[in-house]
Amino acid sequence: MVGILPPTPAVSRSYRLSTYHVPGLPVIRIGRRPQWRRCVVPQGDIVLLSACNPGGRLRPDGWNHRMMQALSQHLRGVKHELGEGRLGRWSEPLYAVRVPLARGLRLARLFRQNAVVVLNGDRPARLVYLA
(Lines give C-alpha, C1' and ligand atoms only; values in the text may rest on other atoms or scores of the structure.)
Protein backbone atom coordinates (compact mmCIF):
# COMPACT_ATOMS: atom_id res chain seq x y z
CA MET A 1 0.00 0.00 0.00
CA VAL A 2 1.34 3.41 -0.96
CA GLY A 3 1.46 5.91 1.91
CA ILE A 4 -0.01 9.36 1.68
CA LEU A 5 2.62 11.80 0.45
CA PRO A 6 2.45 15.59 0.70
CA PRO A 7 0.93 16.96 -2.52
CA THR A 8 3.13 18.72 -5.02
CA PRO A 9 2.79 22.51 -5.35
CA ALA A 10 0.86 21.96 -8.60
CA VAL A 11 -1.63 19.63 -6.89
CA SER A 12 -2.04 22.06 -3.98
CA ARG A 13 -2.69 24.88 -6.43
CA SER A 14 -5.29 22.74 -8.25
CA TYR A 15 -7.19 22.15 -5.00
CA ARG A 16 -7.22 25.87 -4.24
CA LEU A 17 -8.40 26.83 -7.75
CA SER A 18 -11.09 24.15 -8.01
CA THR A 19 -14.77 24.79 -7.39
CA TYR A 20 -16.80 22.26 -5.47
CA HIS A 21 -20.43 21.67 -6.44
CA VAL A 22 -23.01 19.81 -4.36
CA PRO A 23 -26.79 20.00 -4.85
CA GLY A 24 -28.35 22.12 -2.11
CA LEU A 25 -25.08 23.88 -1.24
CA PRO A 26 -23.58 27.06 -2.68
CA VAL A 27 -20.51 26.73 -4.89
CA ILE A 28 -17.56 26.08 -2.59
CA ARG A 29 -14.10 27.63 -3.02
CA ILE A 30 -11.16 27.09 -0.69
CA GLY A 31 -10.56 30.10 1.57
CA ARG A 32 -13.92 31.72 0.82
CA ARG A 33 -17.05 31.90 2.90
CA PRO A 34 -19.95 29.98 1.36
CA GLN A 35 -22.73 32.24 0.11
CA TRP A 36 -25.61 30.64 2.02
CA ARG A 37 -28.25 33.02 0.57
CA ARG A 38 -30.78 30.39 -0.41
CA CYS A 39 -29.49 27.69 1.91
CA VAL A 40 -29.72 27.21 5.63
CA VAL A 41 -26.31 27.57 7.26
CA PRO A 42 -25.51 24.06 8.51
CA GLN A 43 -24.44 23.30 12.05
CA GLY A 44 -21.35 21.13 12.45
CA ASP A 45 -18.92 19.90 9.83
CA ILE A 46 -19.61 19.01 6.23
CA VAL A 47 -16.65 17.12 4.78
CA LEU A 48 -16.18 16.87 1.01
CA LEU A 49 -14.35 13.66 0.22
CA SER A 50 -13.71 11.38 -2.71
CA ALA A 51 -12.34 7.90 -3.27
CA CYS A 52 -10.97 8.67 -6.75
CA ASN A 53 -7.35 8.88 -7.86
CA PRO A 54 -5.73 7.97 -4.50
CA GLY A 55 -2.58 9.85 -3.65
CA GLY A 56 -3.17 12.14 -6.62
CA ARG A 57 -2.41 9.33 -9.07
CA LEU A 58 -4.78 9.18 -12.03
CA ARG A 59 -6.79 5.92 -12.19
CA PRO A 60 -9.13 4.58 -14.89
CA ASP A 61 -12.78 5.69 -14.74
CA GLY A 62 -14.00 2.16 -13.94
CA TRP A 63 -11.62 1.86 -10.99
CA ASN A 64 -12.67 5.28 -9.64
CA HIS A 65 -16.35 4.34 -10.02
CA ARG A 66 -15.82 1.14 -7.99
CA MET A 67 -13.98 3.07 -5.27
CA MET A 68 -16.80 5.63 -5.06
CA GLN A 69 -19.28 2.76 -4.70
CA ALA A 70 -17.13 1.33 -1.89
CA LEU A 71 -17.06 4.74 -0.19
CA SER A 72 -20.85 4.99 -0.49
CA GLN A 73 -21.10 1.69 1.41
CA HIS A 74 -19.08 3.21 4.25
CA LEU A 75 -21.55 6.12 4.28
CA ARG A 76 -24.69 4.02 4.78
CA GLY A 77 -26.80 5.64 7.47
CA VAL A 78 -24.89 8.93 7.23
CA LYS A 79 -26.39 11.97 5.53
CA HIS A 80 -24.44 12.57 2.32
CA GLU A 81 -24.91 14.01 -1.17
CA LEU A 82 -23.04 13.31 -4.40
CA GLY A 83 -21.25 16.29 -5.95
CA GLU A 84 -18.06 17.07 -7.83
CA GLY A 85 -14.88 19.09 -7.79
CA ARG A 86 -14.08 20.99 -11.01
CA LEU A 87 -11.12 22.77 -12.52
CA GLY A 88 -11.35 23.62 -16.20
CA ARG A 89 -12.25 20.44 -18.11
CA TRP A 90 -11.30 18.19 -15.21
CA SER A 91 -13.89 16.99 -12.72
CA GLU A 92 -13.98 14.34 -10.02
CA PRO A 93 -16.96 13.02 -8.05
CA LEU A 94 -17.09 13.56 -4.31
CA TYR A 95 -19.51 13.23 -1.44
CA ALA A 96 -20.55 16.00 0.92
CA VAL A 97 -20.86 14.17 4.22
CA ARG A 98 -22.27 15.47 7.50
CA VAL A 99 -19.77 13.93 9.90
CA PRO A 100 -17.28 15.25 12.42
CA LEU A 101 -13.95 16.06 10.77
CA ALA A 102 -12.18 13.19 12.57
CA ARG A 103 -14.48 10.62 10.95
CA GLY A 104 -14.13 12.30 7.55
CA LEU A 105 -10.33 12.12 7.87
CA ARG A 106 -10.50 8.42 8.78
CA LEU A 107 -12.53 7.74 5.64
CA ALA A 108 -10.19 9.83 3.50
CA ARG A 109 -7.20 7.88 4.85
CA LEU A 110 -8.96 4.59 4.18
CA PHE A 111 -9.33 5.62 0.53
CA ARG A 112 -5.78 7.12 0.44
CA GLN A 113 -6.82 10.67 -0.34
CA ASN A 114 -4.47 13.65 -0.11
CA ALA A 115 -6.97 16.04 1.46
CA VAL A 116 -10.57 16.87 2.24
CA VAL A 117 -12.50 20.13 2.01
CA VAL A 118 -14.27 21.15 5.22
CA LEU A 119 -17.23 23.45 5.68
CA ASN A 120 -18.27 24.59 9.12
CA GLY A 121 -21.04 27.13 9.45
CA ASP A 122 -20.22 30.51 7.97
CA ARG A 123 -16.44 30.04 8.14
CA PRO A 124 -14.33 29.99 4.96
CA ALA A 125 -14.04 26.56 3.31
CA ARG A 126 -10.74 25.01 4.22
CA LEU A 127 -8.53 22.31 2.80
CA VAL A 128 -7.23 19.77 5.32
CA TYR A 129 -4.25 17.71 4.14
CA LEU A 130 -3.80 14.19 5.47
CA ALA A 131 0.00 13.97 5.03
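Only a predicted model underlies this, so the values are computations on that prediction, with no experimental measurement involved. Residue numbers start at 1 and run along the sequence shown.
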- Query: By ring pair (Phe, Tyr, Trp, His ring centres under 6.0 Å), which residues pair with H21, not counting sequence neighbours?
  - Reply: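 Here no residue qualifies.
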
With sequence neighbours excluded, residues passing side-chain hydrogen bond (donor to acceptor under 3.5 Å, both in side chains) with [X]:
X: R86; value: E84
X: S18; value: none
X: R89; value: none

For the hydrophobic clusters of this structure (ILVMFWY residues joined by side-chain heavy atoms under 4.5 Å, transitively), does one cluster hold both [X] and [Y]?
X: V118; Y: L75; value: yes
X: V47; Y: L110; value: yes
X: L82; Y: L107; value: yes
X: L127; Y: L17; value: no

State, with a plain yes or no, whether a side-chain heavy atom of [X] is found less than 4.5 Å away from one of [Y].
X: R59; Y: C52; result: no
X: V97; Y: V78; result: yes
X: I46; Y: L25; result: yes
X: N53; Y: E92; result: yes
X: R126; Y: L101; result: yes
X: Y15; Y: V117; result: no
X: W63; Y: P54; result: yes
X: V22; Y: L94; result: yes

- Message: Quick test of your reading: applying salt bridge (charged side-chain N to carboxylate O under 4.0 Å, His left out), list the pairs with at least one residue in residues 26-35, sequence neighbours left out, ordered by first then second residue.
- Response: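 Non-adjacent pairs meeting salt bridge (charged side-chain N to carboxylate O under 4.0 Å, His left out): zero.
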
Please round to the nearest 0.5 Å and tell me the distance separating atom [atom1] of [X] and atom [atom2] of [Y].
X: R109; Y: L49; atom1: CZ; atom2: CG; result: 12.5 Å
X: H80; Y: L71; atom1: NE2; atom2: CG; result: 8.0 Å
X: N114; Y: S12; atom1: CG; atom2: OG; result: 8.0 Å
X: L119; Y: I28; atom1: CG; atom2: CD1; result: 4.5 Å

- Query: Using a side-chain heavy atom cutoff under 4.5 Å and only I, L, V, M, F, W and Y, what cluster partners does V27 have?
  - Reply: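 When side chains under 4.5 Å apart are linked, V27 ends up in no cluster with other residues.
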
Minimal non-hydrogen separation, [X] against [Y], with atom names:
X: S50; Y: P93; result: OG-O, 2.8 Å
X: L130; Y: A108; result: CD2-CB, 3.6 Å
X: M67; Y: F111; result: O-CE2, 3.7 Å

